[in-house]
Structures are given as structure tokens and as C-alpha cells.
There are 2 protein chains.
Amino acid sequence: MKSLTKRQSEILTFISEVISNEGMPPTRKEIALKFGFKSANSAEEHLKALDKKGYIDLQGGTSRGISINKSFLGIPIVGSVAAGSPLLAVENVEERIEFNGNIFSDSVDYFLRVKGDSMNEVGIVEGDLIAINKRKDVKPGDIVVARINDDVTVKTLFHLDKRKVILRPENKNYKDIEINPSIESFDIEGKCLGVLRNYN
Amino acid sequence: MKSLTKRQSEILTFISEVISNEGMPPTRKEIALKFGFKSANSAEEHLKALDKKGYIDLQGGTSRGISINKSFLGIPIVGSVAAGSPLLAVENVEERIEFNGNIFSDSVDYFLRVKGDSMNEVGIVEGDLIAINKRKDVKPGDIVVARINDDVTVKTLFHLDKRKVILRPENKNYKDIEINPSIESFDIEGKCLGVLRNYN
DNA sequence: TTTCATACTGTGTATTTATACAGTATAAAT
DNA sequence: ATTTATACTGTATAAATACACAGTATGAAA
């Protein structure tokens, strides 16, 4: 898939926002207004470029006839994470789900498919999708996605300072994980906002 | 809230479908075409009626400027169920959540807020929202919403025939519930399609 | 070096669209 | 009995909108 220029990406984002906020795609004029273009034709040309690259579909002769290509919509589901690769790398994305609405308390950057039973006692079970918001500022009590030496894990954060991190599995059969960030490679990937489970 | 005529209701449904399928609201002409009106003004008048009754908001001077009033959109969340009242009765609906996308395997009629810990061992905990599809034809193994003598409960269906129903809590501390439908009042309200949990 | 993509302004216009006004007809409400 | 809401057709038009064509300028690719 062809990559977008900065401007094209901004415009695609704007279209997506307008659809989400106003319930309908913008007109050329509205795009021009937003970006300060003095001619609606600038918008027209960006739309054509986005269409040509396959990111949107333009319906000719129709007001607001812009639709965003579905394969770029929706929130990615991250399955097995290849060691060392960024969570959202293409090879880790299982699929995407269309998902809008204010269900979770913050914006969902991706869903992570849960493996194992280490969080069973708080109702997070194998196969569940957990909604993740990318952020570093997490506090004890939060359920977090962390990366320890290239290994991605979901646990409750119990303690966090420069010299010591304690991650707590929510299952009696597992022990707390204690990390020294100055020795081991450690990173917070995000905060768990909620759970989505689909039977069958 | 004022009630809608059959025609107005059909038109409201159509608008909602167009938004969902095409990603933008219809024009007056498109509404007229769909219903076989020979004049776009028929659509205009229905829109005005829907606006007046508060079901939609019309944005003047804007193409496709129709937005559906949020309070009629979305899927209802059913909280505490008043004894004897239908699950979806107004007094039982906590709020509604905007929710579209093909997350669950079937269409979600409502979300039910979970009370108690009787399903803890399959990861359904207090406060969770479970997605329910209204149906009677459930089979053993399904997690179902059932009504026993005006009491609404969520359990795994273990056995079901004319003389005996067994509902199984997924928690060692609870015992199976055995019902004789010819003596006790019993009804299947729906099937649990999945779980939605929102932290914080 | 020349082409091509990007990123704009500026002008023009056919078409789409919203929306008013004038009618007709029926059923429900006052 | 008369008004009001519903449910349409038919005509008209101002405004909104898409979109083509003609330019200018820049940087990257062939």
C-alpha cells in the first residue's frame, strides 16, 4: 500500500473525525476551511490522491460522497507478538474490528488477545480481547501491558519506581514479577481500559 | 416523547440504515426515491415532522444535514430489573451505548449489567455488561438469560426439556438450579453473546 | 534534464440539494 | 364543525457542492 504524505494523512484523519463527530463526511469546502486553503480545489486534489492510493473511495456526483476504505478503519487486534517487534507492527495485527462509540473511558489504540490464565481472578481469560490505550503514565492498581526483555505481558501494576517494578498476576498459582529496570529491559506499553469477549 | 406514525418510523429507520451502510445521511431525493415519492417535498415534510418530535436534528442549508438524536440511538443497558417488568421496559434501561460494528457473532439486542459472582469462573464478574441476543432457542452449553418466577438470572444452560431445566452457576460456591417449568414460571430471555467490561 | 507527484490559488459551471409555496385528500383531535 | 396532523404531488429557486481547467511553485524520480 502506498504511503501517505503528511498533508494527505492529516486530511484522512480530518475526514475520519468529521464522520465520527458530525455523522457525515465533509464537503470540499469544509476541508479547505479547516486547512486554510483558499480554493476548494486543493481539497479536491487531495481527495483524488487519497482515492488513487486506495485510502478512500469517492462517489462521483454526490455531495459528501467520501467513504474511508474499511481496511484502514477499525481498531487493530494484536495477536501473538513477535519477539522484539513493535506491538502494532503489521505482522502482529490479526484483523481489525469496526468499533466506535464511547464504551471505554479513553480512546482504544488496539485490542490485545489474551494468552494464558494469569489474570483469571479478575475475569480476564484466555482469548479475551483487552482494550489498550497507549501511554506510559500508569499507576499502581492499573492493569498494564508491559514489555520485559522483548516479552509482552499483561499484569496488574503493583509498584513502580526507577529501581524496582512489581507486576502482579491475578491468579494464586503465579508469583509476583519483580524487575530492576536498570538491569532488565522494561517498558510500559499501555493501560488496559476494558475487556471484550465474544462467545462462539 | 411523542410517538411516530408508521411512515415516520419507516423513514427514521431508513435514515439510520443509510448512515450505517453508506456512511452518510440520505438526501431528500434519496428518501423520496426509496419510498416512491414523486416529490422530494414529501421527504422534506417527514423530516420536519421527525425534527419537531425530537427524533432527528436538521442542520439548515447543509446537504445531508440530518442527525439522529442520540438518545434514540445505541443499545440499551439494562440494569436492575424491576420484578415482573419486561427487561427492556423504560424503567430498567440505565442508559444506551453507541455501538456498531461486527464485534459479536449475532446482533446485540441489549446489554445486561451483571450482579453477583455466580459466573466468576468463566470470567463474568460483577458490573460486567453482557451482550444479549433475544431468542428462545438455546442449547446446553450456552450462557443464557432466564426468568424464574419474575427473577432474572444469568447462568449456563445445562439441561432443558419440558419437565426439567437445569441452570448451572459457574462458581463452586453455588449449586445447580433445577426448575420444573410446569410448576414454576420459567422463560428464556436470550443468549449471551459476549462480555464488555470497562475499567474506571 | 525532463517528467511526475505534491501542494497550492483562482475561476467557472453543471449538478445536486434544500426548501419554500401552492395544491389535494384523509383521518384524528378539539 | 372546524381545526390540525398526516401524507402526498408539482413547481420553483437560491444555495451548496462537485469538479473541471488554467496557473504557480517545489522537490523527488527517471
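Chain A is the first sequence line, chain B the second, and so forth, proteins listed ahead of strands; every chain is numbered from 1.
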Length of the line joining [X]:[atom1] and [N]:[atom2], which is rounded to integer Å:
X       : N      : atom1 : atom2 : answer
B/Phe35 : D/dT9  : CZ    : C1'   : 17 Å
A/Lys34 : C/dA7  : NZ    : P     : 17 Å
A/Leu47 : C/dA5  : CG    : P     : 18 Å
B/Met24 : C/dA18 : CE    : P     : 11 Å
A/Leu58 : D/dT17 : CG    : C1'   : 14 Å
B/Glu44 : D/dG10 : CD    : P     : 18 Å
B/Ile31 : D/dA7  : CD1   : C1'   : 15 Å
A/Arg28 : D/dC21 : CZ    : P     : 15 Å

Q: Answer whether the closest heavy-atom distance between the side chains of A/Asp106 and A/Arg135 falls below 4.5 Å.
A: yes
**Q.** N/O (side chain, B/Lys53) to phosphate O (OP1/OP2, D/dT6) under 4.0 Å
**A.** yes
Q: Check whether any side-chain N or O of A/Lys48 sits under 4.0 Å from OP1 or OP2 of D/dA20, and answer yes or no.
A: yes
Check: [Y] main-chain N/O paired with [X] side-chain donor or acceptor under 3.5 Å:
X        : Y        : value
A/Asp187 : A/Arg147 : no
A/Asp161 : A/Lys164 : yes
B/Asn120 : B/Val125 : no
A/Arg113 : A/Gly127 : yes

Q.
If the helix axis at each end comes from five base pairs, how far does the helix from C/dT1-D/dA30 to C/dA29-D/dT2 deviate from straight, to 10°?
A. 30°
Q.
Within the 4.0 Å limit for protein heavy atoms, which parts of nucleotides 8-16 of chain C are touched? Write it as a string from 5' to 3', B for base, S for sugar-phosphate only, - for none.
A. BBB-----S
Q.
Here's a test of your reading of the structure: between A/Gln59 and B/Thr5, which maps to the more 5' nucleotide of DNA chain D?
A. B/Thr5
Q: Between C/dA7, D/dA7, D/dC19, spot the one nearest the side chain of A/Gln8, thanks.
A: C/dA7
Q) So which heavy atom on B/Leu129 is nearest to which on B/Ile77, and how close? A) CD2-CG2, 3.6 Å
Q. Can you check whether A/Tyr199 and B/Phe104 have ring centres sitting under 6.0 Å from each other?
A. no
Q) Ring centroid separation for A/Phe35 and A/His46, is it under 6.0 angstrom? A) no
Q: Look at the side-chain heavy atoms of Ile, Leu, Val, Met, Phe, Trp and Tyr, link any pair under 4.5 Å apart, and say whether B/Val165 and B/Ile143 land in one connected group.
A: no
(Q) Once you apply a heavy-atom cut-off of 4.0 Å, does A/Lys6 come out as touching a base, just sugar-phosphate, or nothing? (A) nothing
